[in-house]
Amino acid sequence: MSADPGSIRADGHQAQALPNLAVQDASADPPIITAAARTGTDIELQIHTSIAPFDVAATQWFPAAAGYAVTILVHTVDAQTGAPRYLPPAEPAEWARAIFSTVDSAHGYFLGAVDPGTGVHRRGQLAYRLYLDTDRRAIPVPRQVVTCPHYQLSAIDGRAEITIPTTA
């Protein structure tokens, strides 16, 4: 992990603290981080983090599970107009990894350009998810909550990582 989980420089001057998933209340207002993309011209990243509890019953092949689903939505928009813009997923994935690292840097899933609840395509949005048990430890995705494909972030690390500048 190249990013410091304490803070990330969202622009050249201000540091914004990352949400701490180990202690954040599920009912708290979702934090939003806005940052200029370093890998695209006039593109802004709007990073929304939300935590929702889940409690799913056992099925024939999968045990019951309870905990929290952490969802990170990264909207890539034109800095001037706010219209959706394309940005390769490497930089948004690094932000998701940095946020996930406040509890566990080895887990996390890339869901793609979809609405995580429905699996419907969303232009200009990339979704990431991490599942935590009731003690706030990372767990594998409970199959009963899957509404769209989940790709492990560690499995898509073949490309070069983008290093997010951190504050000292």
Side-chain angles (χ1 to χ4, degrees), residues 1-8 16-33 35 45-77 84 86-164:
M1 175 64 53
S2 56
D4 170 18
S7 62
I8 287 185
Q16 295 183 28
L18 295 177
N20 186 337
L21 304 178
V23 296
Q24 185 176 352
D25 181 12
S27 64
D29 289 331
I32 299 173
I33 298 171
L45 300 171
Q46 297 171 353
I47 303 146
H48 302 254
T49 303
S50 63
I51 300 176
F54 67 86
D55 190 355
V56 293
T59 62
Q60 182 176 4
W61 300 106
F62 303 107
Y68 302 93
V70 178
T71 303
I72 297 175
L73 298 177
V74 180
H75 298 272
T76 56
V77 298
Y86 173 77
L87 183 69
E91 186 172 355
E94 187 65 18
W95 281 90
R97 282 187 192 91
I99 294 169
F100 292 162
S101 75
T102 63
V103 289
D104 186 311
S105 61
H107 288 83
Y109 299 92
F110 174 60
L111 281 58
V114 299
D115 177 307
T118 64
V120 174
H121 176 76
R122 291 284 172 111
R123 185 171 172 252
Q125 171 183 296
L126 296 173
Y128 302 87
R129 193 163 273 168
L130 177 69
Y131 295 90
L132 306 173
D133 65 12
T134 55
D135 294 325
R136 300 289 176 120
R137 292 182 306 240
I139 60 173
V141 58
R143 299 290 183 214
Q144 302 93 313
V145 301
V146 173
T147 57
C148 61
H150 284 53
Y151 304 96
Q152 286 188 323
L153 279 173
S154 59
I156 61 172
D157 281 341
R159 59 182 146 303
E161 269 190 42
I162 301 295
T163 302
I164 302 292

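For the numbers below, each heavy atom of this structure counts, side chains included, while hydrogens, waters and symmetry mates do not.
- Using a 4.5 Å heavy-atom threshold, the side chains of D133 and Y68 count as separate.
- Contact of the P92 side chain with the L87 side chain is registered, since non-hydrogen atoms from C-beta on lie closer than 4.5 Å.
- Counting only heavy atoms from C-beta outward, the side chains of Q125 and V74 never approach each other to under 4.5 Å.
- The two atoms that bring Y109 and Q152 nearest to each other are CE2-CG, 3.6 Å, heavy atoms only.
- A search for side-chain contact (heavy atoms from CB on, under 4.5 Å) contacts involving A66 returns D55, T134, not counting sequence neighbours.
- Considering all non-hydrogen atoms of both residues, A69 and Y131 come closest at CB-CE2, 3.8 Å.
- Contact between V114 and G119 at its shortest, heavy atoms only, is CG1-O, 3.8 Å.
- Distance CD1/I33 to OG1/T49: 6.0 Å, rounded to 0.5 Å.
- Residue H107 holds its NE2 atom at 14.0 Å from OG of S101, rounded to the nearest 0.5 Å.
- Between L130 and V103, some side-chain heavy-atom pair lies under the 4.5 Å cut-off.
- Residues H121 and C148 are not in side-chain contact: their nearest non-hydrogen atoms beyond the backbone lie 4.5 Å or more apart.
- Minimum interatomic distance between A127 and L73 (heavy atoms only, all atoms of both residues): CB-CD2, 3.7 Å.
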From CA spacing to verdict: side chain to side chain contact (heavy atoms under 4.5 Å, CB included), E91, L45: CA-CA 9 Å; E91 186 172 355; L45 300 171; 3.9 Å; yes

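- Side-chain atoms of H150 and Y128 include no donor-acceptor pair closer than 3.5 Å.
- Annotation: side chain of P142 is not in contact with side chain of F62 (no heavy-atom distance under 4.5 Å).
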Check against side chain to side chain contact (heavy atoms under 4.5 Å, CB included), I99 and I47: CA-CA 10 Å; I99 294 169; I47 303 146; 3.9 Å; yes

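- Minimum heavy-atom separation, L21 to R136: O-NH1, 2.6 Å.
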Dump the intermediate steps for side chain to side chain contact (heavy atoms under 4.5 Å, CB included) on Q144 and T59, then the final yes or no. CA-CA 8 Å; Q144 302 93 313; T59 62; 3.8 Å; yes

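- Between R97 and L153 the shortest side-chain heavy-atom distance falls below 4.5 Å.
- The CG atom of L126 sits 8.5 Å away from the OH atom of Y86 when rounded to the nearest 0.5 Å.
- Contact between P116 and T147 at its shortest, heavy atoms only, is O-OG1, 2.5 Å.
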Would you check, one step at a time, whether the test side chain to side chain contact (heavy atoms under 4.5 Å, CB included) holds for V141 with V146? CA-CA 8 Å; V141 58; V146 173; 3.6 Å; yes

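- Contact check for P149 versus L111: no side-chain heavy atoms found under the 4.5 Å cut-off.
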